[in-house]
Amino acid sequence: EAEVAQSPRYKITEKSQAVAFWCDPISGHATLYWYRQILGQGPELLVQFQDESVVDDSQLPKDRFSAERLKGVDSTLKIQPAELGDSAMYLCASSRTGPGNTIYFGEGSWLTVV
Amino acid sequence: AQSVTQLGSHVSVSEGALVLLRCNYSSSVPPYLFWYVQYPNQGLQLLLKYTTGATLVKGINGFEAEFKKSETSFHLTKPSAHMSDAAEYFCAVGSGGSNYKLTFGKGTLLTVNP
């Protein structure tokens with residue numbers, strides 16, 4: 001069964017450093033999402049791509065976060081500089097285009113900022 | 001805007017007892033509704049979903065949920081809890097339109113006592 005791949009699984013970084021997360025969606029899925037999940041809470045959408053275009057980044061803190069999906073396949077989420085409050089799990093997900101489709105999640109990348 | 005309310009952040013049941021996890025949603029259009037399960041340090045796995053048609057939806061691991069439009073609810077049930085059901089459960093509502101995405105509730109932690 002195809003899966004959404006994410007790396008790294010775990011990352012510890014110091015405050016003010018840069019960190020990046022990578023995601024490879026399920027083949028054929030044009031829509032890609034990045035969610036952030038703070039411990040004890042539900043996931044919240046950071047950014048949504050349709051192919052290589054951003055369609056929703058309204059909740060992305062653009063002063064420090066950036067995301068790209070240059071060829072419309074894999075994607076990178078970057079944080080620079082990292083802050084203590086960025087400690088969370090970053091979940092990548094993908095789906096076929098259109099409402100009602102199942103959104104499949106990767107295993108997530110745990111970030112701890114010290 | 002859509003929202004999800006999960007009643008009870010923590011539910012504890014005995015092994016073999018009925019599991020009932022409550023979810024109420026708010027949506028201005030006919031909703032797409034999902035339940036996901038998350039085991040520690042892992043991503044989200046789809047349990048079941050409702051899009052159209054039959055309002056009683058059966059999912060994996062013996063779980064089912066019933067869409068009740070009049071009550072704006074989508075409660076998750078399982079007749080007999082197993083120790084392996086201990087996990088965090090998230091209810092989500094999917095938006096319609098071109099920017100299809102999920103909005104999650106805060107989650108319910110299910111513990112199963114022997």
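Order of the sequence lines fixes the chain letters, A, B, ..., with proteins taken first and strands second; residue numbering starts at 1 for each chain.
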Is it the case that over 12 heavy atoms from other parts of the model lie below 6.0 angstrom from the [atom1] atom of [X]?
| X | atom1 | answer |
| --- | --- | --- |
| A:Gln59 | CD | no |
| A:Leu39 | CG | no |
| A:Ile12 | CD1 | no |
| A:Lys62 | NZ | yes |

Looking only at heavy atoms, what is the nearest atom pair of [X] and [Y], with distance?
| X | Y | value |
| --- | --- | --- |
| A:Thr102 | B:Phe34 | CA-CE2, 4.3 Å |
| B:Ser95 | A:Pro99 | O-CB, 4.2 Å |
| B:Phe90 | A:Gln37 | CZ-NE2, 3.2 Å |

Legend entry - Selection from B:Thr51, B:Leu46, B:Leu102 maximising heavy-atom pairs under 4.5 Å formed with chain A: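 It is B:Leu102.
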
Legend entry - Largest heavy-atom contact set with chain A, pairs under 4.5 Å, which of B:Leu109, B:Val4, B:Leu44, B:Thr103: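 Winner by heavy-atom pair count: B:Leu44.
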
Inset, instruction - Could you list all the ring pair (Phe, Tyr, Trp, His ring centres under 6.0 Å) pairs where at least one residue sits in residues 35-82 of chain A, not counting sequence neighbours? - result: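 Output for this query lists A:Tyr35-A:Phe105, A:Tyr35-B:Phe104.
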
So if you build clusters from Ile, Leu, Val, Met, Phe, Trp, Tyr with side-chain heavy-atom gaps below 4.5 Å, do [X] and [Y] land together?
| X | Y | answer |
| --- | --- | --- |
| A:Leu77 | A:Leu111 | yes |
| B:Ile60 | B:Tyr39 | yes |
| A:Leu84 | A:Ile79 | yes |
| B:Leu18 | B:Val57 | no |

Legend entry - Under 4.5 Å from a heavy atom of chain B, the part of A:Glu44 involved: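 Contact with chain B involves no heavy atom of A:Glu44 at all.
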
Legend entry - Residue A:Glu107 versus chain B: region with a heavy atom under 4.5 Å: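 Answer is both: backbone and side chain atoms of A:Glu107 are under 4.5 Å from chain B.
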
Inset, instruction - Check each atom of B:Gln38 against the heavy atoms of chain A and say whether the ones under 4.5 Å are side chain, backbone, both or neither. - result: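 For B:Gln38, the contact with chain A is made by the side chain alone.
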
Legend entry - B:Tyr50 portion near chain A, given a 4.5 angstrom heavy-atom threshold: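 For B:Tyr50, no heavy atom lies under 4.5 Å from chain A.
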
Inset, instruction - Look at the side chain of B:Glu88 and the backbone N and O of A:Gly40, then say whether any donor-acceptor pair between them is shorter than 3.5 Å. - result: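 Not a single qualifying donor-acceptor pair exists.
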
Legend entry - Spatial distance of atom CD (A:Gln50) from atom CG (B:Asn99) [nearest 0.5 Å]: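 Reported to 0.5 Å precision, the distance equals 8.5 Å.
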
Legend entry - Point-to-point distance, once rounded to the nearest 0.5 Å, from CG of A:Asn101 to NZ of B:Lys49: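 One finds 6.0 Å between CG of A:Asn101 and NZ of B:Lys49.
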
Legend entry - Heavy-atom pair count under 4.5 Å with chain B, highest-scoring of A:Ile103, A:Leu91, A:Val55, A:Asp56: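 The residue among A:Ile103, A:Leu91, A:Val55, A:Asp56 with the greatest pair count is A:Ile103.
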
